[in-house]
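The block underneath contains the structure these notes are about, expressed in structure tokens.
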Amino acid sequence: MIIPWQDLASETLDNLIEAFVLREGTDYGEQERSLTEKVEDVRRQLKNGEAVLVWSELHETVNIMPRGQFRD
């Protein structure tokens, strides 16, 4: 189930995005990016509709994923 990111308190959304970014692992790109930059990238993707917050009833977890990967 998609959770509208706009319905979350800003602190909750910040914590979800930060946890997501931190569990993504090491950045092996040409340029190292700060945690703040990565969090802002994810926030932009949520605002643009490129990514969605997804609640899994089976696992009782929230995840962030590209919109194209989400299936009802």
Side-chain angles (χ1 to χ4, degrees):
M1 167 174 75
I2 292 180
I3 300 170
W5 62 268
Q6 303 91 330
D7 292 351
L8 298 179
S10 84
E11 184 177 348
T12 302
L13 181 60
D14 291 343
N15 290 334
L16 284 172
I17 294 172
E18 188 170 314
F20 171 77
V21 168
L22 289 173
R23 78 171 174 250
E24 286 301 299
T26 305
D27 186 1
Y28 292 107
E30 284 186 32
Q31 245 182 353
E32 191 69 29
R33 305 201 55 209
S34 71
L35 175 62
T36 302
E37 291 172 317
K38 293 175 186 178
V39 167
E40 287 306 313
D41 285 346
V42 173
R43 183 183 314 281
R44 178 189 46 76
Q45 291 171 14
L46 287 168
K47 288 181 179 181
N48 291 340
E50 299 169 30
V52 291
L53 283 175
V54 179
W55 166 253
S56 168
E57 289 185 36
L58 177 64
H59 300 105
E60 295 185 348
T61 59
V62 175
N63 196 13
I64 299 171
M65 60 190 334
R67 181 173 289 281
Q69 286 184 0
F70 177 75
R71 296 183 200 143
D72 289 323

Pairs satisfying side-chain hydrogen bond (donor to acceptor under 3.5 Å, both in side chains), at least one member in residues 54-63, at least two apart: Arg23-Asn63, Ser56-His59
Side chain of Arg33, backbone of Lys38: donor and acceptor closer than 3.5 Å? no
Taking only distance into account, with no hydrogens and no angle test, what donor-acceptor pairs under 3.5 Å do side-chain atoms of residues 4-14 form with protein atoms, sequence neighbours excluded?
{"unit_1": "Trp5", "atom_1": "NE1", "unit_2": "Leu46", "atom_2": "O", "d": "3.1"}
{"unit_1": "Asp14", "atom_1": "OD1", "unit_2": "Arg43", "atom_2": "NH1", "d": "3.2"}
{"unit_1": "Asp14", "atom_1": "OD1", "unit_2": "Arg43", "atom_2": "NH2", "d": "2.5"}

All heavy atoms of Leu16 vs all of Ile64, minimum pair found to be O-CD1, 4.3 Å
Heavy-atom check, side chain of Arg44 versus side chain of Glu50, under 4.5 Å: yes
Only counting residues at least two apart or in another chain, list the ones meeting side-chain hydrogen bond (donor to acceptor under 3.5 Å, both in side chains) with Glu37. Ser34
